[in-house]
2 protein chains.
Amino acid sequence: MVEQESQHRLTDIFKAAGDPTRRSILTLLAQHGPLRVTDIAAHFDMSLNSVSKHIKVLEGAGLVTRRTEWREHMIELRVEELAHVDRWFRDLRSIWALRLEALDHLLTQETDP
Amino acid sequence: MVEQESQHRLTDIFKAAGDPTRRSILTLLAQHGPLRVTDIAAHFDMSLNSVSKHIKVLEGAGLVTRRTEWREHMIELRVEELAHVDRWFRDLRSIWALRLEALDHLLTQETDP
DNA sequence: GTGTTATTCACCCTTATGGTTGAACAAGAA
DNA sequence: TTCTTGTTCAACCATAAGGGTGAATAACAC
């Protein structure tokens, strides 16, 4: 099912965004544009290795892409991917709104014989 | 700092939304309005206990509130809390857009002496 | 060739997460 | 009182997550 595929994707995105370091990386990329792994790591009090792992998580979630130019890996933010999250929240709110609307309609019927 | 408090909140929300079961619970609540723990658990092939824990995570993230009426606990969705996530994404995108704009401005200056 | 730079890979360690079961508690029903 | 219902608490277990170090790889600089 396509539905499941989408759910899986959403899980990866939320999990990726659920870590403060990874959110910082995303902000950094939004500010500076594509950066090398080393450049990103320089902003954190953490081993390069750990930062590399965080980047892989972001990459796995599709929030970031890697352009490997010779030995440098340029990491770039993929803003488009954020749309998935937007859509999920929007859907949730619309389900919520529809229920309230239906409830309101029901009440109006009852009090308006 | 207030900034840190906000970051912590965001982390909790993302982590809570990072689990498919918990997202299902949120959808369920949006559809049906306030529900009891048992009612929610009935929708999942999982022990009541596990569902109870999931609800506590959602509660901790502020995505849900609990109204304890005698021995029944009514769980209710708090749509307002989703705004935090919206804002974060909106900010990220605006940082991104500002950088592109500045870049564009720079290019225009260079090619227009 | 050797040296340096940029990254990842393979482990290791500690803590968090998601699930289970069984006991405990609280309150109405018989 | 005993029974049932609704819920949490306390362990426990397996696996994932986030951090570290050291070796491996890849490619340029000398």
Side-chain angles (χ1 to χ4, degrees), chain A residues 4 7-29 32-77, chain B residues 4 7-29 32-77:
Chain A
Q4 288 213 327
Q7 279 298 314
H8 193 271
R9 240 184 134 60
L10 215 44
T11 300
D12 285 349
I13 294 178
F14 277 125
K15 285 203 168 155
D19 182 277
T21 304
R22 289 197 284 263
R23 281 202 306 281
S24 292
I25 293 177
L26 295 179
T27 305
L28 212 57
L29 291 171
H32 297 95
L35 289 173
R36 295 179 314 159
V37 177
T38 313
D39 297 332
I40 295 172
H43 286 80
F44 299 94
D45 185 24
M46 190 185 295
S47 77
L48 182 98
N49 242 329
S50 298
V51 174
S52 171
K53 280 207 250 180
H54 278 305
I55 293 174
K56 278 209 293 184
V57 174
L58 290 170
E59 204 182 355
L63 293 175
V64 132
T65 35
R66 183 189 303 259
R67 245 182 313 121
T68 307
E69 299 172 352
W70 35 299
R71 61 177 170 171
E72 291 184 348
H73 296 206
M74 295 305 282
I75 310 297
E76 188 167 10
L77 179 62
Chain B
Q4 287 215 324
Q7 279 297 314
H8 194 273
R9 241 183 135 62
L10 215 44
T11 299
D12 286 348
I13 294 178
F14 277 125
K15 285 201 170 160
D19 182 277
T21 305
R22 288 196 285 265
R23 281 201 306 280
S24 292
I25 293 176
L26 294 179
T27 305
L28 212 60
L29 291 171
H32 298 94
L35 289 174
R36 295 179 315 158
V37 177
T38 312
D39 299 331
I40 295 172
H43 286 80
F44 299 94
D45 185 24
M46 190 185 293
S47 77
L48 182 100
N49 242 331
S50 299
V51 174
S52 171
K53 278 209 253 180
H54 278 305
I55 292 173
K56 279 209 294 184
V57 173
L58 290 170
E59 205 183 355
L63 293 175
V64 132
T65 35
R66 183 190 303 260
R67 245 181 313 119
T68 307
E69 297 171 353
W70 36 298
R71 62 177 169 168
E72 292 182 348
H73 297 205
M74 296 305 282
I75 309 299
E76 189 167 9
L77 180 61

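Residue numbering restarts at 1 for every chain, and letters A, B, ... go by the order of the sequence lines.
The side-chain heavy atoms of A:I25 and A:L35, taken from C-beta on, include no pair separated by under 4.5 Å. Two residues are said to be in side-chain contact when any heavy atoms from C-beta on lie closer than 4.5 Å; B:H73 and B:R67 fail this criterion.
In this entry the distance linking CD1 of A:I55 with C1' of D:dA17 reads 17 Å, nearest Å. Atom NE2 of A:H73 is separated from atom P of D:dA26 by 11 Å (rounded to the nearest Å). Taking atom CG of residue A:D19 and atom C1' of nucleotide D:dG18, one finds them 8 Å apart after rounding to whole Å. Per the geometry, CG belonging to A:L48 stands 13 Å off P belonging to D:dG19, to the nearest Å. Atom NZ of B:K56 is separated from atom P of D:dG6 by 19 Å (rounded to the nearest Å). For the pair A:K15 NZ and D:dG18 P, the computed distance is 9 Å after rounding to whole Å. Atom CE of B:M74 is separated from atom P of D:dG6 by 12 Å (rounded to the nearest Å).
Side-chain N/O atoms of A:R22 include one lying less than 4.0 angstrom from OP1 or OP2 on D:dG18.
Atom CE of B:M74 and atom CG of B:D39 lie 7.0 Å apart (nearest 0.5 Å). The CG atom of B:L10 sits 11.5 Å away from the CG atom of A:D19 when rounded to the nearest 0.5 Å. Within the model, atoms CG of A:L28 and OG1 of A:T21 stand 11.5 Å from one another, a figure rounded to the nearest 0.5 Å. Separation of atoms NE2 (A:H32) and CD1 (A:I40) is listed at 11.0 Å; rounding is to 0.5 Å.
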Legend entry - Intra- and inter-strand pairs of DNA chain C in dot-bracket (Watson-Crick or G-U wobble, both distances under 3.5 Å; | for another strand): ||||||||||||||||||||||||||||||

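For B:L77 against B:L63, the heavy-atom pair with the smallest separation is CD1-O, 3.5 Å.
If you check every strand for non-hydrogen atoms under 4.0 Å, B:K53 touches a base.
With sequence neighbours excluded, no residue forms a side chain to side chain donor-acceptor pair (under 3.5 Å) with A:T65. Applying the side chain to side chain donor-acceptor pair (under 3.5 Å) criterion to A:N49, with sequence neighbours excluded, gives no partner residue. Checked against side chain to side chain donor-acceptor pair (under 3.5 Å), A:R23 has the following partners two or more places apart in sequence or in another chain: B:Q7, B:T11.
DNA chain C lies under 4.0 Å from at least one heavy atom of each of the following residues of residues 38-46 of chain B: B:M46.
In this structure a side-chain-to-backbone donor-acceptor pair under 3.5 Å is present from A:R22 to A:A16.
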Inset, instruction - List the protein contact pattern of nucleotides 21-30 of chain C with one symbol per nucleotide (5' to 3'): B for base contact, S for sugar-phosphate-only contact, - for none; contact means a heavy-atom distance under 4.0 Å. - result: BB----B---

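Closest to the side chain of A:H54, from the set C:dA6, D:dG18, D:dT7, is D:dG18.
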